[in-house]
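Scroll down for the structure; my scribbles are underneath it.
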Amino acid sequence: MSSKQLTDKMVILDGAMGTMLQRSGLQLGKRPELLNLEQPTHITEIHKQYAHAGAQIIYANTFGANAHKLQGLDYSVEEVIFAGIKAAKAVEGVQVALDIGPIGQLLEPTGTLPFEEAEALYTQMIKAGVLAGADLIIFETMTDLYEVKAAVLAAKAHSTLPVWVSMTFEENGRTFTGCSVEAMAATLQGLGVDALGINCSLGPKEIYPLAKRLCSATALPVFIKANAGLPNLSTNEYDIDAEMFCEQMEDFAKLGIFAMGGCCGTTPAYIKKLSEKYWGKAVQQRVITPKSVVCTSTNVVEIEGVTIIGERINPTGKKQFKQALLNKDYDYIMAQAIAQIDAGANILDVNVGMPEVDEKAMMVEVIKRLQAITDLPLQIDSSDADVIEAALHIYNGKAIVNSVNGEQKKLDEILPIVKKYGAAVVGLTLDENGIPAKAQQRFEIAQRILNTALQYGICKEDVYIDCLTLTASAQQEAVTETLKAVKMVKEQLGLHTVLGVSNISFGLPNRELINSTFLTLAMQNGLDLPIMNPNVKTMMDTVFAFNVLYNRDKNSVNYIERFPAAAACTPTPQAAPVEGDITLAIKKGLKAEARQLAYTCLEQMDELDLVNRLLIPALDEVGTAFEKGTMFLPQLIQSANAAQAAFDVVKEKIAKKGGESVSKGKIVIATVKGDIHDIGKNIVKVILENYGYQMIDLGRDVPIEKVVETVKQEKVKLVGLSALMTTTLKSMEETIAALRAENLPCKVFVGGAVLTPEYALQIGADFYAKDAKQSVDIAKKVLDL
Amino acid sequence: MVAEKPDQLNREDVYRYLGCSVNQIDDTLRDVVSRCSREILYIAQPRVHWIEVPLKRDNGTLQIQNTSLVLEGKDIAAHLQGCESCILSAVTLGAQIDAAIRAKEADNMLTALVWDSCASVLIEQIAQQIWEQIRENKTVEKQYITGRFSPGYGDLPLELQGKLVSLLDTARKIGLTATADNILIPKKSITAIIGVARQPVVGKLAGCEHCAIQKICKYRKEGKTCVQ
């Protein structure tokens, strides 16, 4: 079925299967898909009624036929899907869709289902559906964009059938997991889906504004399956009849949707009405303005005006970052992300390449972790095609790839990956001959990159060009060439432009001045996407000022918000030197003071002295007060935060000297398999970290093997396990048993709401930790000499 | 269905969840709690779904009629004594709250902890609000209801969680799922069983004797219970 065929004339889809089954007495809680095997003629009969009513495409009764939902039942996924497709194919003259809904478990990071497992579950369904002879694949009622991505990748990898996707939105235009209509469009269009739609949850009237948004966000054909209005809470019946349903769909036809049917509450009577009125009608042409957007599932960033890409997740020239990569200190990397988010970055560049690090594994891990804590779109910064592909595969949304260049080999290697995953791409204006000196030559490379991208099917809006910043101190004459090239690319090719800004000032004093001046010039010449350090205030100020002067920040709203009038007339006070006692600052939980005082202290003592003589005793005091009940958990954490700030100063100083980081020993910490409650574990981690222990946090729902493997590899002497539920104590016990079975010379401490000291001993733990403070006592006992 | 949010969070409960005694709260913590309460009330999108189903008693097993769902254990049987039917309910604060707490954890553990506590208090308040609403409606119909009883109370197995989620189709109705290990996701969610009868019933909430944390329970040590 070509998409052309589909988009010329209105196609009629079927109505609800569940509603029909419930009316004929389906038991509550019973999986409707089992009827494919138990009562196939009944299923065929319902399909027939829809076909007779005029439906041209029938959704087979396979919605929940996945291995998770069928677990513990008597039939396999393949059996159910085969029978489902067969029951639908018994109807003549229709196309049969393999209908697939959500797995029923939420994916990581919200839930516990790994992306890769979701992909495997969908692959199984798709293979079965293809074998059974489905004509197309429809994923419907989806609410998690990440899950849809897993589904679509599985479909693309294992079939050549058309793939349609419809998601379910609430009236606020977002799904239960927060995915917006525009994020759905940007991501799925890129993944090569054939048609996009909205179904379920709402009636036509409520879906209409969302459909309108979808129709302007995508050039793909759009289809709609609304519910029969909203459910009446006392009767549980839907509130609009076939007549009204059909009438309300009129506006959708005008929007230019190409297919319509019904979801919950609709019956063959509804489809008959639709078919009588709309079948075969010419589909309205839609006019779409193409836009450059990147997104995560909950945040769409349109590249319009200056869009800031934060550059700090990158080991180049940063000793502390390198150390963090080597130690797998993800918290440090996440802190870099958070600082940039707070400073106003719109997109984060992610570069984790360095010689001793497995770049691919690290990239995947860092992206997964970033996705768990931020909704900013990411720019995947690597030159290795494998790394880029692995990153794009698990990225939730539409990313940017940084970068390709004018080398044909690079283009042919990376652009197909960019196309496959629907990303945007940065093209550097250099090639096998290096960086051309003149703007014209760089422009020519940009042109070549654009043409090749177009040949690979990547649209113009997704190609961004980096005309390359050269260092002013070394190649002063090149600066204006870069600026000229930016202008040419912007004006003559109509492409968005990228520049790494900070490079310009390398080797010069007062780098901030050079940087912000260059940034101003570049923006004036058409720079859209500066890659820069958003934590440097003057750089961000420059962007805000630019937006006022270029009439982009209307009425200077954002500028004024950044510089409130009161602040404008008061000169910024010089930071007063902080006096006092770092111990006191920590006890009182004063972060900024503790940080300042750490600098002061380090003028008189070395790092280890500061940690051992001041930081730890201060924390001990707080811990004792906590134990006595004169201080509470929030205060303990506040003190830990303050100590952390002082500790960061210590780490910074040590990294600068190139010394070994302070570590009193490694501790592995994990919330056991099956449990996802990890706030307690995270509190323990923070506290222990501030005592100078190197924490290896394996996260939550951690497989037993992973704990064992890490303890072995990292030669860890102390392991902390946490569980909150009575049901997961068993997996705590099994984890301990596995550690013992390997004869690993490590001690284990356990904690969690349902544990008791007796039970801890019974399951083979060495220690029971009632709270974070006791964890510290245990760590001291085991690790401190 | 969207559930109504309360105007205010019960601060005392928040402090209790934080392990603090109210008269020893300092200003910093008070500020953090008020800020977090406001934020969480703003971003939470609580949703609720419930159905009323007839009960069937057969040879000592308690079952939901016309389904294969059995309510196991003595405690739920005692709780539903005298009830002809029960309400199966599920309420969730939504995935955004989990995401927000995750982001806070990476940023500042104190804010994360306070958010977590506020969210626990909020979901409890909403579940209670819904229960009160149901009671009002039932009073009009001259019916009576018991208190809420959730999987994991007393000897009602936690495994029921997954079955309730599937029976109520909460993934589709309110975005609530259960993991393979029967943990609800989004995390700040509550499922509950409420008995319905034509004569006054009070139910019998599970006592401490079956509770998993009875040995280390803070309230028990103070001679109190967690039930208000």
Side-chain angles (χ1 to χ4, degrees), chain A residues 27-30 68-69 101-102 104-106 109-113 141 143 168 170 172 175-178 200-201 233 236 298 331 334-335 337-338 342 372-375 589 630 632-635 637-638 640-641 673-677 679 682-683 686 701 725-728 753-756 758 770, chain B residues 1-2 15 18-21 24-26 28-29 32-33 45 47 51 53 64 66-69 94-96 98-99 101-103 105-110 112-114 116 152 157-159 163 165-169 171-172 174-183 185-187 212-213 215-216:
Chain A
Q27 197 189 54
L28 190 63
K30 164 128 184 157
H68 165 65
K69 283 191 172 163
Q105 278 204 15
L106 288 176
T110 307
T112 55
L113 187 69
T141 327
T143 56
T168 299
E170 299 295 287
N172 63 11
T175 67
F176 285 139
T177 61
C200 205
S201 187
L233 294 177
N236 249 332
T298 52
D331 290 344
M334 296 305 116
I338 285 173
D342 290 346
I373 62 153
T374 175
D375 64 356
T630 52
F632 303 108
L633 185 59
Q635 289 146 330
I637 295 174
Q638 242 166 321
N641 281 345
K673 179 82 199 144
D675 213 325
I676 55 152
H677 300 87
I679 194 156
N682 292 341
I683 290 170
V686 168
D701 193 25
M725 318 284 288
T726 43
T727 45
T728 47
V754 294
L755 274 163
T756 60
E758 298 78 36
K770 179 163 71 79
Chain B
M1 172 173 88
V2 173
Y15 293 130
L18 286 169
C20 303
S21 74
Q24 281 175 289
I25 307 300
D26 60 25
T28 323
L29 185 60
V32 176
V33 170
Q45 296 180 346
R47 290 195 169 79
I51 55 172
V53 286
I64 308 291
N66 301 323
T67 73
S68 54
L69 192 72
Q96 285 80 355
D98 284 10
I101 294 175
R102 253 193 337 262
E105 278 187 40
D107 186 12
N108 182 330
M109 206 56 209
L110 176 66
L113 179 71
V114 174
D116 192 82
L158 202 65
E159 284 70 35
K163 293 176 192 163
V165 158
S166 138
L167 188 82
L168 287 169
D169 197 11
R172 189 159 179 156
I174 58 173
L176 171 65
T177 65
T179 66
D181 299 289
N182 294 295
I183 293 174
I185 295 188
K187 278 195 253 183
I213 63 164
K215 283 187 191 150
I216 53 168

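Naming convention: chains lettered A, B, ... in sequence-line order (proteins, then strands); numbering from 1 in each chain. Model, not experiment: these values are computed from the prediction. All values below were derived from every heavy atom in this structure, side-chain atoms included, with hydrogens, water molecules and symmetry-related copies excluded.
With a threshold of 4.5 angstrom between heavy atoms, Ala335(A) does not approach chain B through any atom at all. Residue Pro634(A) touches chain B through both its backbone and its side chain, counting heavy-atom pairs closer than 4.5 Å. Contact of Asp331(A) with chain B is not made at all, since no heavy-atom distance falls under 4.5 Å. Interface remark: Val114(B) contributes no atoms to any contact with chain A (heavy atom separation under 4.5 Å). The parts of Leu110(B) that come within reach of chain A are both its backbone and its side chain, each placing non-hydrogen atoms under 4.5 angstrom from that chain. Proximity to chain A is limited to the backbone of Ala178(B), based on heavy atoms less than 4.5 angstrom apart. When heavy atoms are compared at a cutoff of 4.5 Å, Thr143(A) does not approach chain B at all. Only the side chain of Ile51(B) has a heavy atom closer than 4.5 Å to any heavy atom of chain A. Looking at Arg47(B), only its side chain comes within 4.5 Å of chain A, counting heavy atoms on both sides.
Among the candidates Ala103(B), Pro186(B), Ala171(B), the residue making the largest number of heavy-atom pairs closer than 4.5 Å to chain A is Ala103(B). Of the listed residues (Asp107(B), Val165(B), Asp98(B)), the one with the most heavy-atom contacts under 4.5 Å to chain A is Asp107(B). In terms of heavy-atom pairs under 4.5 Å with chain A, the best-connected choice from Arg172(B), Lys187(B), Glu159(B) is Arg172(B). By number of non-hydrogen pairs under 4.5 angstrom with chain B, the leading residue of Ile683(A), Thr177(A), Thr168(A) is Ile683(A). Taking chain B as the reference chain and counting heavy-atom pairs below 4.5 Å, the highest number among Ser201(A), Gly589(A), Ala372(A) is found for Ala372(A). Each of Asp701(A), Thr112(A), Val686(A), Ile676(A) has some count of heavy-atom pairs under 4.5 Å with chain B, and the biggest count is that of Ile676(A). Note on Gly111(A), Pro109(A), Pro102(A), Gly104(A): by heavy-atom pairs under 4.5 Å with chain B, the leading option is Pro109(A).
Inter-residue side-chain proximity for Gln45(B) and Glu170(A) is flagged as unmet; no heavy-atom pair is nearer than 4.5 Å.
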- Message: Working note: Asn66(B) + Leu28(A), criterion side chain to side chain contact (heavy atoms under 4.5 Å, CB included); need CA distance, chi angles, decisive distance, verdict.
- Response: CA-CA 7 Å; Asn66(B) 301 323; Leu28(A) 190 63; 6.0 Å; no

- CA sep, side-chain torsions, deciding dist, call: Asp181(B), Asp675(A), side chain to side chain contact (heavy atoms under 4.5 Å, CB included): CA-CA 8 Å; Asp181(B) 299 289; Asp675(A) 213 325; over 6 Å; no

- Query: Please walk me through it: do Gln635(A) and Leu29(B) pass side chain to side chain contact (heavy atoms under 4.5 Å, CB included)?
  - Reply: CA-CA 8 Å; Gln635(A) 289 146 330; Leu29(B) 185 60; 5.7 Å; no

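Of all heavy-atom pairs spanning His677(A) and Ile183(B), the tightest one is CE1-CG2, 3.7 Å. Across all non-hydrogen atoms, the minimal contact from Ala95(B) to Phe176(A) is CB-O, 4.0 Å. When all heavy atoms of Leu633(A) and Leu18(B) are compared, the closest pair comes out as CB-O, 3.9 Å.
Considering OG1 of Thr28(B) and CD of Gln638(A), their distance stands at 5.5 Å, rounded to 0.5 Å. The distance from the OG1 atom of Thr110(A) to the CZ atom of Arg102(B) is 4.5 Å, given to the nearest 0.5 Å.
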